[in-house]
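Just the heavy atoms: all of them, side chains too, but no hydrogens, waters or symmetry mates, feed the values below.
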Amino acid sequence: MDLHSAHRITQDEAARTGLGTGPNRRLRLTLLIGMPMVFLVFGIMVLVPKSMRDEVLHIYEAGIIGCLLHYAWVFAKYPRHADRPSYLTRDLAMGGGFYLPSLMLGFWPGMIAAPAWALFVGVTYAVELTRRRNDYH
């Protein structure tokens, strides 16, 4: 095994476990920070006056949109599965996880965009695999 192969194996293992590196790390942190924050938002909404609850909610909803846009930005940087770092397709599809906080808050754009995003990533992956398979035949 040469040094390049050993380095690649190390990168693949880092991408598969833990937070990973590079774009995998950014997407995982976006998900790990953005999703559980809904519980913090609920706590803040209990503590603030009723007149400010809508503002707190709108700030978090804007955060959900920002997280989904971050996923789209990473996808735009790595549109083809073959050019992506290991496990990035899986991490991109995890953007669908923003469905749950959107559902809990009744934020319908997130309830539509998050599963649509996961479906989009899955369909582009399937299309690319089909194209690659057809190119070999």
Nearest atoms (heavy-atom pairs only) where [X] meets [Y]:
| X | Y | value |
| --- | --- | --- |
| Ser86 | Asn24 | O-ND2, 3.1 Å |
| Ile33 | Pro36 | O-CD, 3.9 Å |
| Ala118 | Ala93 | CB-O, 3.5 Å |
| Met111 | Gly106 | CE-C, 3.9 Å |
| Gly95 | Ala114 | O-CB, 3.9 Å |

Working to the nearest 0.5 angstrom, can you tell me the gap between Tyr87 OH and Leu92 CG? 15.0 Å
If you round to the nearest 0.5 Å, how far is CZ of Arg84 from CZ of Arg90? 13.5 Å
Is [Y] reachable from [X] through a run of I, L, V, M, F, W or Y residues, each pair having side-chain heavy atoms under 4.5 Å apart?
| X | Y | result |
| --- | --- | --- |
| Phe98 | Val121 | yes |
| Ile112 | Leu100 | yes |
| Leu103 | Ile64 | no |
| Tyr125 | Val127 | no |
| Met35 | Val41 | yes |

For residues 43-63, please give each side-chain donor-acceptor pair under 3.5 Å, one per line with the distance, not counting sequence neighbours.
residue : atom : partner : partner atom : Å
Arg53   : NE   : Met45   : O            : 2.8
His58   : ND1  : Glu61   : OE1          : 3.2
Tyr60   : OH   : Gly34   : O            : 2.6

4.5 Å side-chain heavy-atom contact, Asp91 and Met94: yes
Tell me whether the count of non-hydrogen atoms from other residues, nucleotides or ligands lying under 6.0 Å of CZ in Phe42 goes above 12. yes
Can you give each donor-acceptor pair under 3.5 Å made by side-chain atoms of residues 65-83, sequence neighbours left out, with the distance rounded to 0.1 Å?
residue : atom : partner : partner atom : Å
His70   : ND1  : Thr30   : OG1          : 3.1
Tyr71   : OH   : Leu27   : O            : 3.0
His81   : ND1  : Thr89   : OG1          : 2.8

